[in-house]
Amino acid sequence: MKSMSDQELAQSETLLRQRLAQLAAHAPTAVHMPDEVAVVATHRPSGRGRRAGVIAAVTALIGAGGFTTYSFLGASNDGGAATPQEAVMTFASALEHEDVLGMIEVTLPEEVVALRTAVDSASSDAKRIGLLDDAFDAGGVQGIDVSVDDLVLDTNFLEGGVAAVTATGGTVSASFDPKSFPYGTKLRELLAAGAEGTTMATVFGNTDSPPVLMTVERDGRWYVSVEYTIAEYIRRAAGWELPGPVTRTPVGFDSPDAAANGLYERLATMDVQSAIDTFAPGEDALAWLAQSWIADAQSAIDRARANGWSVAVSGLTYETIGSGDALTLRPLTFKVEGTTPVGFNQDSSAAEPTGDPQPFTVEYADGCSTVTGSLAQSMLADPTPSVTLVDGGYQVCSSDNEMLGTLGLLVLGNGTQLPAVAVVQSGGKWYVSPLGTLLGNVTLGLHDVGDGSSLFDSPIAPYIYGGVSRTILERMVIDQQAGAVSEGCLPALTVENGIVTGVVADPPIAAIRFCAGMPYYGSESSGSAELPTVAEAVPESTVPASTVPASTAPATTAP
Amino acid sequence: MNLAMSDAVPESTRIPIVESKAWQGSEVVYAAAYRDLLRVAFVLTGSGPAAEDVVQDVFAKIGPRIDTLAEPAAYLRVAVVNRCRSLHRRALVAPQPDNPTDALMDVELIELRDALIALPIRQRSAIVLRYLCDLPEQEIAAILKCRGATVRTLVRRGLAELREVIR
């Protein structure tokens with residue numbers, strides 16, 4: 001960009017004023033002169049119907065936006081950039097404008113739908129449940145001001161149309177003004193007293209591991225790739241060599257369910273390469289990264305198989321979220337059957353199996369997983385309050401999960417649920433979208449919070465209330481002596497005869513904060529032996545009269 | 001062009017907007033304000049039909065509250081700018097090579113319109129608010145939700161991009 005002298009600037013300004021006035025003179029002049037203007041209905045349908053409406057509307061918008069973006073990018077040179085550096089500069093410019101949607105628009109076309117879906121879905125649900133105000137605009141986030149200055153970039157062209165663009169100089173500074181940020185009513189309530197403005201600045205070039213954005217070439221144009229960037233950070237952290245170009249043949253399926261089944265079944269049979277082959281054409285980052293570890297992983301899997309591990313999945317049915325060519329499928333039912341090496345869960349140091357493999361099952365239905373057989377043994381030996389013991393195993397329900405079910409499910413042995421799978425249609429076939437799957441599982445956490453329900457009772461509560469939710473707090477305090485509980489926490493609790501019996505229906509925020517600062521009872525003295533056993537639920541109707549209302553709570557002191 | 005939803009709205013939810021205090025009950029004042037907004041929307045979207053839709057949408061949404069606003073004209077202008085930006089982000093307004101307005105415009109103006117449309121929407125908004133609406137930097141910063149320094153940067157970069165087509 002050429003710089004202008006003051007005189008040139010003044011001349012240009014004058015000319016532009018004149019030209020804009022001339023251009024504006026060609027605007028339509030017909031005034032719509034109604035004697036009345038229609039008022040758009042503001043009432044919102046409630047419950048599932050409204051959610052379905054929101055999903056349909058968001059999906060329709062994404063579908064339209066996605067199509068336009070694809071068309072726009074594909075049909076002209078306006079999409080992408082001429083060089084990897086230019087792509088990153090465009091991305092940085094959108095960042096500087098706090099324009100999340102602008103950043104998405106310069107990313108790899110195959111990733112755009114997943115990113116737009118995630119942003120639209122998350123912001124829509126965050127507004128619906130009161131975390132964000134309706135004024136929140138992902139195209140220019142209020143209250144956050146980002147500045148990118150003097151950026152110096154270095155490009156490393158890799159094989160297969162991939163280039164790593166590293167920031168070797170420059171500064172990114174960001175400031176956060178909580179007064180301007182469009183918090184929703186519920187979050188503003190929570191943060192009313194505590195939110196403070198912050199400013200941070202990062203100077204590039206001073207670290208051994210400078211930040212990198214990966215770019216990918218499509219039809220002679222370069223795009224920023226979120227998937228490749230994530231993969232590159234994983235590669236660096238693991239210390240793996242740079243992989244070569246990706247050579248794989250994506251395997252498509254005839255229906256969305258078949259694509260999700262295909263992924264699960266291939267994962268169950270522990271064939272990593274064939275699982276990766278279910279990924280959509282163009283979403284190659286994981287395949288790119290897998291070159292670094294797949295051989296080691298497969299030989300480890302083969303050893304596990306030889307030792308007695310086997311897994312098979314069946315009975316998969318799904319809830320379909322979304323419409324059109326990009327869907328998220330969440331398992332409603334499934335059954336995992338298999339065997340573990342003998343001694344599993346009891347003596348993990350055993351190098352060789354000493355007997356026949358032991359069978360196990362994990363069956364999921366109606367929001368609950370029932371685990372039996374070898375996987376249940378350690379839990380049966382030392383059950384936690386979150387499980388219900390059943391014949392030969394235990395059952396755990398999603399409402400008992402302490403954190404987002406999606407995160408907990410990664411530990412299958414804990415028996416929760418399988419992750420949702422995002423699928424996309426391309427060329428008449430359905431494929432798994434790894435980026436959509438990653439983002440979709442995060443945004444489903446917000447999606448699952450019901451209209452008007454208390455955030456404290458929701459799966460995202462621990463992320464909002466400093467690590468506690470109703471379920472967690474109940475586990476912490478039920479059956480404890482009220483005298484052992486911080487005074488500030490007591491207004492959140494029901495107490496009977498000096499013993500904590502539960503958590504009140506709508507606990508005061510200040511009290512929750514005190515409770516969140518409390519230690520887990522028993523953790524300091526004699527470990528898990530003092531953890532509360534199976535918590536007895538206290539029905540609302542039996543909440544005793546000794547519940548301490550906030551107005552009569554004793555003066556609070558720091559815990 | 002009619003309001004798309006007007007047929008579906010019951011009589012009880014309609015209000016007489018031209019009689020609003022904001023226009024002192026004058027159709028002339030209302031029309032002048034309406035045309036000002038059309039000009040802003042036209043320059044921002046590069047499309048006459050899109051400009052009409054934007055302004056009508058804004059009136060449909062804000063109309064019922066017009067009398068509660070301290071500065072209705074300024075408020076409506078901000079709403080129009082935001083609506084144009086929103087349309088841009090959703091890619092609902094795309095350059096129209098066969099724009100019927102072209103036949104009535106000089107080549108230089110068509111070039112300016114196309115150059116404006118090619119600018120990032122924030123840069124374009126800053127340029128329009130500064131040089132068409134003659135708003136001061138701080139007011140533009142408030143509309144675009146950024147710092148004054150950012151407005152200066154947006155305007156400077158936008159102006160540099162447009163220099164070639166305004167000579």
Side-chain angles (χ1 to χ4, degrees), chain A residues 1-4 8-9 11-42 61 64-69 71-72 76 78 90 93-94 96-99 101-102 105 137-143 145 147 175 180, chain B residues 1 3 5-6 8-9 13-19 27 30-31 34-35 38-43 48-49 51-52 55-56 59-61 63-64 82 85-86 89-92 94 101 104-105 108-109 112-113 120-122 127-128 131-132 144-147 150 157 159-163 166-167:
Chain A
M1 202 180 302
K2 292 175 186 172
S3 62
M4 284 186 273
E8 284 176 322
L9 180 65
Q11 284 174 349
S12 295
E13 286 184 322
T14 306
L15 265 174
L16 185 56
R17 276 200 176 86
Q18 292 169 355
R19 290 297 200 176
L20 285 177
Q22 290 166 357
L23 180 60
H26 289 271
T29 53
V31 174
H32 183 70
M33 185 69 81
D35 54 1
E36 56 198 15
V37 165
V39 181
V40 178
T42 54
L61 178 64
F67 174 77
T68 309
T69 308
S71 307
F72 190 63
S76 75
D78 290 328
T90 311
S93 173
E96 197 171 27
H97 294 145
E98 300 88 43
D99 184 353
L101 299 182
E105 282 169 11
D137 178 3
V141 181
Q142 221 173 330
D145 200 357
S147 179
S175 61
S180 305
Chain B
M1 195 176 296
L3 282 172
M5 296 190 66
S6 59
V9 178
T13 57
R14 294 163 181 261
I15 64 158
I17 191 168
V18 178
E19 290 171 19
E27 288 190 4
Y30 171 84
Y34 199 99
R35 288 200 184 98
L38 279 174
R39 279 194 283 274
V40 173
F42 175 73
V43 176
E52 287 181 317
V55 175
Q56 285 187 13
F59 269 99
K61 282 189 178 172
N82 285 341
R85 292 172 65 199
S86 172
R89 279 192 296 273
R90 292 167 187 176
L92 298 179
T101 321
L104 306 171
M105 289 203 294
E108 290 87 346
L109 284 183
L112 172 61
R113 183 200 63 198
I121 184 64
R122 297 237 304 175
I127 288 283
V128 170
Y131 297 117
L132 181 67
L144 299 183
K145 298 163 189 165
C146 63
R147 295 176 303 182
T150 307
R157 287 179 182 169
L159 194 56
E161 293 290 337
L162 297 173
R163 268 176 85 195
I166 59 176
R167 291 194 177 280

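In what follows, chains carry the letters A, B, and so on, assigned in the order in which the sequence lines appear, proteins first and then strands, with residues in each chain numbered from 1.
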Of all the heavy-atom pairs spanning Ala27(A) and Phe42(B), show the shortest one and how long it is.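 In terms of heavy atoms, the two residues are closest at CB-CB, 3.5 Å.
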Residue pair Pro28(A) / Gly48(B): nearest heavy atoms and the distance that separates them: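 Closest approach of Pro28(A) to Gly48(B): CG-O, 3.5 Å.
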Side chain, backbone, both or neither: which part of Gln18(A) has an atom under 4.5 Å from a heavy atom of chain B?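 Answer is neither: Gln18(A) stays 4.5 Å or more from chain B.
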Calculate, to the nearest 0.5 Å, the distance between atoms CG and CZ belonging to Leu9(A) and Arg163(B) respectively.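 So the CG of Leu9(A) and the CZ of Arg163(B) are separated by 9.0 Å.
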What is the distance from atom CZ of Arg113(B) to atom CD of Gln22(A), rounded to the nearest 0.5 Å?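 The distance works out to 15.0 Å.
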Proximity breakdown for Leu132(B) and chain A, heavy-atom pairs closer than 4.5 Å: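 Both backbone and side chain.
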Taking side-chain contact (heavy atoms from CB on, under 4.5 Å) as the criterion, tell me which of Leu16(A), Leu20(A), Thr14(A) meets it with Ile166(B).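 With Ile166(B) as partner, side-chain contact (heavy atoms from CB on, under 4.5 Å) holds for just one option, Leu16(A).
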What residue in Val128(B), Val40(B), Ile127(B), Leu112(B) has the most heavy-atom pairs under 4.5 Å with chain A?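 Top count of heavy-atom pairs under 4.5 Å with chain A: Leu112(B).
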